[in-house]
Amino acid sequence: MSSTSQKHRNFVSEPMGDKPVTELAGIGATLGQRLINNGFDLAYVVLGQFLILKKDRDMFKLWLKDICNANAKQSEDCYTCLKEWCDAFL
């Protein structure tokens with residue numbers, strides 16, 4: 001298993017609050033803007049979709065690909081980030 005990025009570690013180490021969507025691991029400026037354009041402006045809004053999809057890895061990754069054209073690594077990084085955040089805080 002690959003190690004996590006500093007961005008990932010920073011995100012999962014504290015409550016989410018009103019962090020922008022670009023604070024999520026795997027989501028940079030381009031994907032972030034695509035998410036914002038589709039109404040997903042804050043990390044907790046993406047978390048809501050993650051929870052609606054019942055934390056299902058495949059469904060979340062497919063949704064992220066459809067909504068902002070995330071590639072496999074980006075969607076996996078984002079999934080793992082949200083999953084670990086949920087494990088720590090929910």
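Side chains included, hydrogens not; waters and symmetry mates left out as well; all remaining heavy atoms used. Sequential numbering from 1 along the given sequence is applied to the chain's residues.
Here the rule is side chain to side chain contact (heavy atoms under 4.5 Å, CB included) with L64, and of N69, N71, L35, L53 only L35 fits it.
Here K61 contributes atom NZ and C78 contributes atom SG; the two are 11.0 Å apart, rounded to the nearest 0.5 Å.
The shortest side-chain heavy-atom distance between H8 and D77 does not fall under the 4.5 Å cut-off. A heavy-atom distance below 4.5 Å is found between the side chains of R57 and E76. Between E84 and F11, the closest side-chain pair of non-hydrogen atoms is not below 4.5 Å.
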Taking distance alone, no hydrogens or angles, what donor-acceptor pairs closer than 3.5 Å link side-chain atoms of residues 21-34 to residues at least two apart or in another chain?
unit_1: Q33; atom_1: NE2; unit_2: N37; atom_2: OD1; d: 2.9
unit_1: R34; atom_1: NH1; unit_2: C68; atom_2: O; d: 2.9

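Residues forming a side chain to side chain contact (heavy atoms under 4.5 Å, CB included) with K83 (at least two apart in sequence, or on another chain): F50, Y79, D87. Applying the side chain to side chain contact (heavy atoms under 4.5 Å, CB included) test to N10 and every residue at least two apart in sequence or in another chain returns Q6. For the side chain to side chain contact (heavy atoms under 4.5 Å, CB included) test, residues two or more places apart in sequence or in another chain that qualify with L51 are L47, K55, C86, L90. The side chain to side chain contact (heavy atoms under 4.5 Å, CB included) search around N38 returns F40, I67, not counting sequence neighbours. Residues satisfying the ring-ring contact (aromatic ring centres under 6.0 Å, His included) test with Y44, not counting sequence neighbours, are none.
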Decide yes or no on side chain to side chain contact (heavy atoms under 4.5 Å, CB included) for W63 and S75, but give the supporting numbers first. CA-CA 9 Å; W63 171 79; S75 61; over 6 Å; no
List the steps and the verdict of side chain to side chain contact (heavy atoms under 4.5 Å, CB included) for K65 and Q74. CA-CA 9 Å; K65 180 179 184 225; Q74 292 163 330; over 6 Å; no
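Between the side chain of W85 and the backbone N or O of E14 there is at least one donor-acceptor pair closer than 3.5 Å.
One hydrophobic cluster holds both V12 and F89 under the rule that ILVMFWY side chains link at heavy-atom gaps under 4.5 Å.
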